2 protein chains.
Amino acid sequence: MGVPLYQTKAEFFRTLGHPARIRILELLAERDHAVHELLEQIAIEPSNLSQQLAVLRRTSLVVSRREGTAVVYSISVPEVRDLLLSARRILVGLAETRSEFEDELMVPDRR
Amino acid sequence: MGVPLYQTKAEFFRTLGHPARIRILELLAERDHAVHELLEQIAIEPSNLSQQLAVLRRTSLVVSRREGTAVVYSISVPEVRDLLLSARRILVGLAETRSEFEDELMVPDRR
DNA sequence: TCACTATATGAAGACTTCTTCAAGTCATGT
DNA sequence: ACATGACTTGAAGAAGTCTTCATATAGTGA
(Lines give C-alpha, C1' and ligand atoms only; values in the text may rest on other atoms or scores of the structure.)
Protein backbone atom coordinates (compact mmCIF):
# COMPACT_ATOMS: atom_id res chain seq x y z
CA MET A 1 0.00 0.00 0.00
CA GLY A 2 1.13 3.52 -0.48
CA VAL A 3 2.81 3.00 -3.81
CA PRO A 4 0.33 4.00 -6.51
CA LEU A 5 -0.67 1.31 -8.95
CA TYR A 6 0.58 3.10 -12.05
CA GLN A 7 3.99 3.29 -10.47
CA THR A 8 3.99 -0.42 -9.73
CA LYS A 9 2.82 -1.11 -13.25
CA ALA A 10 5.61 0.97 -14.71
CA GLU A 11 8.16 -0.94 -12.66
CA PHE A 12 6.66 -4.18 -13.77
CA PHE A 13 6.89 -3.26 -17.44
CA ARG A 14 10.44 -2.09 -16.94
CA THR A 15 11.42 -5.50 -15.67
CA LEU A 16 10.09 -6.90 -18.95
CA GLY A 17 12.07 -4.33 -20.89
CA HIS A 18 15.13 -6.36 -21.71
CA PRO A 19 15.62 -8.83 -24.56
CA ALA A 20 17.26 -11.50 -22.41
CA ARG A 21 14.50 -11.29 -19.82
CA ILE A 22 11.85 -11.63 -22.50
CA ARG A 23 13.56 -14.71 -23.88
CA ILE A 24 13.86 -16.20 -20.42
CA LEU A 25 10.16 -15.72 -19.78
CA GLU A 26 9.24 -17.15 -23.16
CA LEU A 27 11.34 -20.23 -22.54
CA LEU A 28 9.96 -20.65 -19.04
CA ALA A 29 6.44 -20.18 -20.37
CA GLU A 30 6.98 -23.41 -22.32
CA ARG A 31 8.44 -25.38 -19.44
CA ASP A 32 10.84 -25.14 -16.52
CA HIS A 33 14.48 -24.73 -17.47
CA ALA A 34 17.76 -25.16 -15.66
CA VAL A 35 20.19 -22.29 -15.93
CA HIS A 36 22.49 -24.25 -18.23
CA GLU A 37 19.56 -24.96 -20.53
CA LEU A 38 18.69 -21.30 -20.72
CA LEU A 39 22.30 -20.62 -21.44
CA GLU A 40 22.16 -22.87 -24.49
CA GLN A 41 19.24 -20.93 -25.92
CA ILE A 42 20.25 -17.40 -25.04
CA ALA A 43 23.56 -16.10 -26.25
CA ILE A 44 24.85 -14.22 -23.21
CA GLU A 45 27.51 -14.75 -20.60
CA PRO A 46 26.61 -16.90 -17.62
CA SER A 47 27.03 -14.09 -15.17
CA ASN A 48 24.88 -11.79 -17.25
CA LEU A 49 22.18 -14.44 -17.40
CA SER A 50 22.40 -14.76 -13.66
CA GLN A 51 21.94 -11.04 -13.26
CA GLN A 52 18.87 -11.05 -15.45
CA LEU A 53 17.44 -14.00 -13.56
CA ALA A 54 18.02 -12.07 -10.38
CA VAL A 55 15.98 -9.17 -11.75
CA LEU A 56 13.11 -11.52 -12.52
CA ARG A 57 13.40 -13.15 -9.11
CA ARG A 58 13.30 -9.80 -7.32
CA THR A 59 9.93 -9.04 -8.89
CA SER A 60 8.78 -12.59 -8.10
CA LEU A 61 8.03 -13.28 -11.74
CA VAL A 62 10.08 -16.46 -11.53
CA VAL A 63 11.17 -18.78 -8.77
CA SER A 64 14.16 -21.08 -8.61
CA ARG A 65 14.82 -24.39 -6.95
CA ARG A 66 17.97 -26.40 -6.75
CA GLU A 67 18.00 -29.86 -8.29
CA GLY A 68 21.27 -31.51 -7.46
CA THR A 69 23.94 -29.56 -9.19
CA ALA A 70 21.58 -27.50 -11.32
CA VAL A 71 19.25 -24.62 -10.50
CA VAL A 72 15.87 -24.85 -12.17
CA TYR A 73 13.70 -21.82 -12.83
CA SER A 74 9.98 -21.62 -13.37
CA ILE A 75 7.39 -18.95 -14.00
CA SER A 76 5.48 -18.13 -10.86
CA VAL A 77 2.60 -16.30 -12.53
CA PRO A 78 1.09 -18.21 -15.44
CA GLU A 79 -0.79 -15.10 -16.64
CA VAL A 80 2.51 -13.84 -17.99
CA ARG A 81 1.75 -15.95 -21.04
CA ASP A 82 -1.35 -13.88 -21.83
CA LEU A 83 0.66 -10.75 -21.41
CA LEU A 84 3.33 -11.86 -23.85
CA LEU A 85 0.62 -12.84 -26.33
CA SER A 86 -1.12 -9.49 -25.91
CA ALA A 87 2.17 -7.78 -26.57
CA ARG A 88 2.79 -9.81 -29.69
CA ARG A 89 -0.63 -8.89 -31.02
CA ILE A 90 -0.02 -5.21 -30.44
CA LEU A 91 3.37 -5.34 -32.10
CA VAL A 92 1.97 -7.10 -35.13
CA GLY A 93 -0.74 -4.46 -35.31
CA LEU A 94 1.80 -1.67 -35.08
CA ALA A 95 4.01 -3.26 -37.71
CA GLU A 96 1.08 -3.48 -40.11
CA THR A 97 0.07 0.12 -39.52
CA ARG A 98 3.61 1.20 -40.15
CA SER A 99 4.04 -0.80 -43.33
CA GLU A 100 0.77 0.51 -44.75
CA PHE A 101 2.09 3.94 -44.06
CA GLU A 102 5.33 3.11 -45.79
CA ASP A 103 3.39 1.84 -48.78
CA GLU A 104 1.75 5.23 -49.04
CA LEU A 105 5.12 6.85 -48.95
CA MET A 106 6.45 4.59 -51.67
CA VAL A 107 3.48 5.02 -54.00
CA PRO A 108 2.24 8.44 -52.99
CA ASP A 109 0.21 9.34 -56.07
CA ARG A 110 -1.55 6.02 -56.49
CA ARG A 111 -4.94 6.75 -54.91
CA MET B 1 12.95 -8.26 -40.88
CA GLY B 2 16.34 -8.20 -39.18
CA VAL B 3 15.37 -7.12 -35.69
CA PRO B 4 14.39 -10.19 -33.66
CA LEU B 5 10.96 -10.15 -32.11
CA TYR B 6 12.15 -10.45 -28.52
CA GLN B 7 14.21 -7.33 -29.02
CA THR B 8 11.21 -5.45 -30.37
CA LYS B 9 9.11 -6.72 -27.50
CA ALA B 10 11.65 -5.56 -24.97
CA GLU B 11 11.68 -2.09 -26.50
CA PHE B 12 7.94 -2.03 -26.46
CA PHE B 13 7.76 -2.91 -22.77
CA ARG B 14 10.40 -0.33 -22.03
CA THR B 15 8.23 2.37 -23.54
CA LEU B 16 5.53 1.31 -21.07
CA GLY B 17 8.00 1.47 -18.23
CA HIS B 18 7.30 4.91 -16.91
CA PRO B 19 4.57 6.02 -14.52
CA ALA B 20 3.56 9.06 -16.53
CA ARG B 21 3.33 7.05 -19.73
CA ILE B 22 1.16 4.45 -18.03
CA ARG B 23 -1.18 7.13 -16.78
CA ILE B 24 -1.35 8.72 -20.20
CA LEU B 25 -2.29 5.42 -21.79
CA GLU B 26 -4.87 4.71 -19.12
CA LEU B 27 -6.50 8.09 -19.63
CA LEU B 28 -6.42 7.72 -23.40
CA ALA B 29 -7.87 4.23 -23.09
CA GLU B 30 -10.99 5.90 -21.66
CA ARG B 31 -11.27 8.61 -24.28
CA ASP B 32 -9.22 11.08 -26.29
CA HIS B 33 -7.62 13.85 -24.27
CA ALA B 34 -6.12 17.20 -25.10
CA VAL B 35 -2.72 17.86 -23.63
CA HIS B 36 -4.08 20.37 -21.14
CA GLU B 37 -6.60 17.78 -19.95
CA LEU B 38 -3.83 15.24 -19.40
CA LEU B 39 -1.95 17.91 -17.56
CA GLU B 40 -4.81 18.32 -15.12
CA GLN B 41 -4.75 14.62 -14.27
CA ILE B 42 -1.04 13.98 -14.21
CA ALA B 43 1.12 16.01 -11.90
CA ILE B 44 4.15 16.76 -14.04
CA GLU B 45 5.55 19.78 -15.83
CA PRO B 46 4.16 20.53 -19.26
CA SER B 47 7.48 19.99 -20.97
CA ASN B 48 7.96 16.68 -19.23
CA LEU B 49 4.50 15.57 -20.32
CA SER B 50 5.38 16.57 -23.84
CA GLN B 51 8.53 14.49 -23.70
CA GLN B 52 6.61 11.45 -22.53
CA LEU B 53 4.00 11.97 -25.23
CA ALA B 54 6.82 12.13 -27.73
CA VAL B 55 8.08 8.74 -26.53
CA LEU B 56 4.62 7.25 -27.05
CA ARG B 57 4.31 8.89 -30.46
CA ARG B 58 7.67 7.51 -31.60
CA THR B 59 6.49 3.97 -30.96
CA SER B 60 3.16 4.80 -32.65
CA LEU B 61 1.21 3.84 -29.56
CA VAL B 62 -0.62 7.17 -29.70
CA VAL B 63 -1.37 9.70 -32.39
CA SER B 64 -2.07 13.40 -32.06
CA ARG B 65 -4.16 15.85 -34.01
CA ARG B 66 -4.53 19.56 -33.64
CA GLU B 67 -7.96 20.92 -32.81
CA GLY B 68 -7.79 24.66 -32.95
CA THR B 69 -5.51 25.74 -30.22
CA ALA B 70 -5.34 22.36 -28.51
CA VAL B 71 -3.55 19.14 -29.43
CA VAL B 72 -5.64 16.04 -28.88
CA TYR B 73 -4.10 12.60 -28.35
CA SER B 74 -5.63 9.22 -28.90
CA ILE B 75 -4.59 5.60 -28.60
CA SER B 76 -3.78 4.12 -31.96
CA VAL B 77 -3.88 0.46 -30.91
CA PRO B 78 -6.98 -0.45 -28.94
CA GLU B 79 -5.44 -3.75 -27.81
CA VAL B 80 -3.36 -1.75 -25.37
CA ARG B 81 -6.37 -1.94 -23.09
CA ASP B 82 -6.10 -5.73 -22.87
CA LEU B 83 -2.44 -5.42 -22.13
CA LEU B 84 -2.99 -3.02 -19.27
CA LEU B 85 -5.67 -5.31 -17.88
CA SER B 86 -3.39 -8.33 -18.18
CA ALA B 87 -0.73 -6.43 -16.33
CA ARG B 88 -3.12 -5.48 -13.57
CA ARG B 89 -4.13 -9.11 -13.14
CA ILE B 90 -0.54 -10.21 -12.86
CA LEU B 91 0.27 -7.52 -10.35
CA VAL B 92 -2.68 -8.43 -8.21
CA GLY B 93 -1.56 -12.04 -8.34
CA LEU B 94 1.95 -11.12 -7.35
CA ALA B 95 0.74 -8.93 -4.52
CA GLU B 96 -1.32 -11.78 -3.12
CA THR B 97 1.55 -14.23 -3.34
CA ARG B 98 3.77 -11.79 -1.57
CA SER B 99 1.35 -11.04 1.22
CA GLU B 100 0.72 -14.72 1.86
CA PHE B 101 4.45 -15.09 2.16
CA GLU B 102 4.60 -12.16 4.54
CA ASP B 103 1.88 -13.75 6.63
CA GLU B 104 4.08 -16.79 7.00
CA LEU B 105 6.91 -14.60 8.13
CA MET B 106 4.77 -12.84 10.71
CA VAL B 107 3.27 -16.01 12.17
CA PRO B 108 6.01 -18.50 11.47
CA ASP B 109 5.16 -21.19 13.99
CA ARG B 110 1.44 -21.27 13.37
CA ARG B 111 1.13 -24.32 11.10
C1' DT C 1 39.30 -33.10 1.66
C1' DC C 2 40.20 -31.57 -3.11
C1' DA C 3 39.09 -30.42 -7.60
C1' DC C 4 35.42 -29.41 -10.60
C1' DT C 5 31.19 -27.79 -12.49
C1' DA C 6 27.17 -24.85 -11.99
C1' DT C 7 25.55 -20.64 -10.56
C1' DA C 8 25.46 -16.15 -7.90
C1' DT C 9 27.17 -11.72 -6.34
C1' DG C 10 29.57 -7.10 -5.98
C1' DA C 11 31.74 -3.50 -8.16
C1' DA C 12 32.89 -0.38 -11.95
C1' DG C 13 32.68 1.86 -16.31
C1' DA C 14 29.80 2.43 -20.45
C1' DC C 15 25.48 3.61 -21.85
C1' DT C 16 20.58 5.06 -21.60
C1' DT C 17 16.76 7.40 -19.72
C1' DC C 18 14.76 11.34 -16.78
C1' DT C 19 13.82 15.85 -15.52
C1' DT C 20 14.27 20.51 -16.10
C1' DC C 21 15.30 24.77 -18.35
C1' DA C 22 15.42 27.90 -22.11
C1' DA C 23 13.93 28.77 -26.39
C1' DG C 24 10.86 27.70 -30.38
C1' DT C 25 6.38 27.02 -33.12
C1' DC C 26 1.61 27.58 -34.18
C1' DA C 27 -3.16 29.11 -33.91
C1' DT C 28 -6.18 32.76 -32.04
C1' DG C 29 -7.98 37.17 -30.72
C1' DT C 30 -7.02 42.20 -30.88
C1' DA D 1 1.29 42.68 -37.02
C1' DC D 2 1.47 41.46 -32.10
C1' DA D 3 0.64 39.40 -27.86
C1' DT D 4 -0.91 35.33 -25.77
C1' DG D 5 -1.96 30.63 -24.62
C1' DA D 6 -0.97 25.77 -25.78
C1' DC D 7 2.36 22.82 -26.76
C1' DT D 8 7.07 21.05 -28.48
C1' DT D 9 11.99 20.69 -28.81
C1' DG D 10 17.06 20.53 -27.68
C1' DA D 11 20.43 20.36 -24.42
C1' DA D 12 22.61 19.02 -20.13
C1' DG D 13 23.31 17.10 -15.68
C1' DA D 14 21.37 13.62 -12.50
C1' DA D 15 19.86 9.10 -11.98
C1' DG D 16 19.30 4.60 -13.35
C1' DT D 17 20.43 0.26 -16.10
C1' DC D 18 23.81 -2.97 -18.62
C1' DT D 19 27.69 -5.72 -19.24
C1' DT D 20 31.75 -7.56 -17.70
C1' DC D 21 35.18 -9.05 -14.53
C1' DA D 22 36.78 -11.03 -10.40
C1' DT D 23 35.45 -13.46 -6.73
C1' DA D 24 32.32 -16.32 -3.94
C1' DT D 25 29.28 -20.37 -2.81
C1' DA D 26 27.13 -24.96 -3.31
C1' DG D 27 26.84 -29.66 -4.71
C1' DT D 28 29.50 -33.94 -6.66
C1' DG D 29 32.54 -37.28 -7.31
C1' DA D 30 37.48 -38.84 -6.73
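What you see is a predicted model, and the numbers here were worked out from it, not measured in a lab. Every chain is numbered from 1 and lettered A, B, ... according to where its sequence line falls, protein lines coming before strand lines.
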Rounded to whole Å, how long is the line connecting atom CZ of B:R65 with atom P of D:dT8? 14 Å
A:R66 side chain: which of D:dC7, D:dG27, C:dC18 is closest? D:dG27
How long is the line joining NE2 of B:H36 and P of C:dC26, in whole Å? 21 Å
Cluster link B:I75 to B:L27, ILVMFWY, side chain under 4.5 Å: yes
Taking CZ from A:F13 and P from C:dT17, how many angstroms apart are they, rounded to a whole number? 18 Å
Do B:V72 and B:L56 belong together in a cluster built from hydrophobic side chains that touch within less than 4.5 Å? no
Under 3.5 Å, is there an N or O donor on one side and an acceptor on the other linking the side chain of B:T69 and the base of C:dC26? no
With a 4.0 Å limit, can you tell me whether B:Y73 has a side-chain N or O closer than that to the phosphate oxygens OP1/OP2 of D:dA6? no
Winner on side-chain proximity to B:R14, out of C:dT19, C:dT17, D:dC21, is C:dT17
Rounded interatomic separation in angstrom, taking CG from B:L39 and P from D:dC7: 8 Å
Rounded to the nearest angstrom, tell me the gap between atom NE2 in A:H33 and atom C1' in C:dA6. 17 Å
Report the nucleotide, chosen from C:dT9, D:dT8, D:dC7, that has the shortest atom-to-atom distance to any side-chain atom of B:A34. D:dC7
By nearest-heavy-atom nucleotide on DNA chain D, the more 5' of B:R57 and A:Q52 is B:R57
Pair A:R65 + A:E67, salt bridge at N-O below 4.0 Å: yes
Using a distance-only criterion (donor-acceptor N/O pair, under 3.5 Å, no hydrogens), is the base of D:dG27 paired with the side chain of A:E67? no
Could you tell me the separation between the CG atom of A:N48 and the P atom of C:dA14, rounded to a whole number of Å? 17 Å
Hey, does the side-chain of A:E45 have a donor or acceptor N/O within less than 3.5 Å of a partner on the base of D:dT19? no
Are A:L16 and A:L91 connected into the same hydrophobic cluster when the rule is that any two of I, L, V, M, F, W, Y join if their side-chain heavy atoms are below 4.5 Å apart? yes
Rounded to whole angstrom units, what separation is found between the CD atom of A:Q7 and the C1' atom of D:dG16? 13 Å
Got a donor-acceptor pair under 3.5 Å from the side chain of B:Q51 to the base of C:dT20? yes
Is it possible for you to say whether B:V55 and B:L83 belong to one hydrophobic cluster, with membership spreading through side-chain heavy-atom contacts below 4.5 Å? no
Can you tell which of C:dT7, D:dC7, C:dT19 lies closest to the side chain of B:A70? D:dC7
Atom pair distance, as rounded to whole Å: CD1 in A:I42 and P in D:dT19: 12 Å
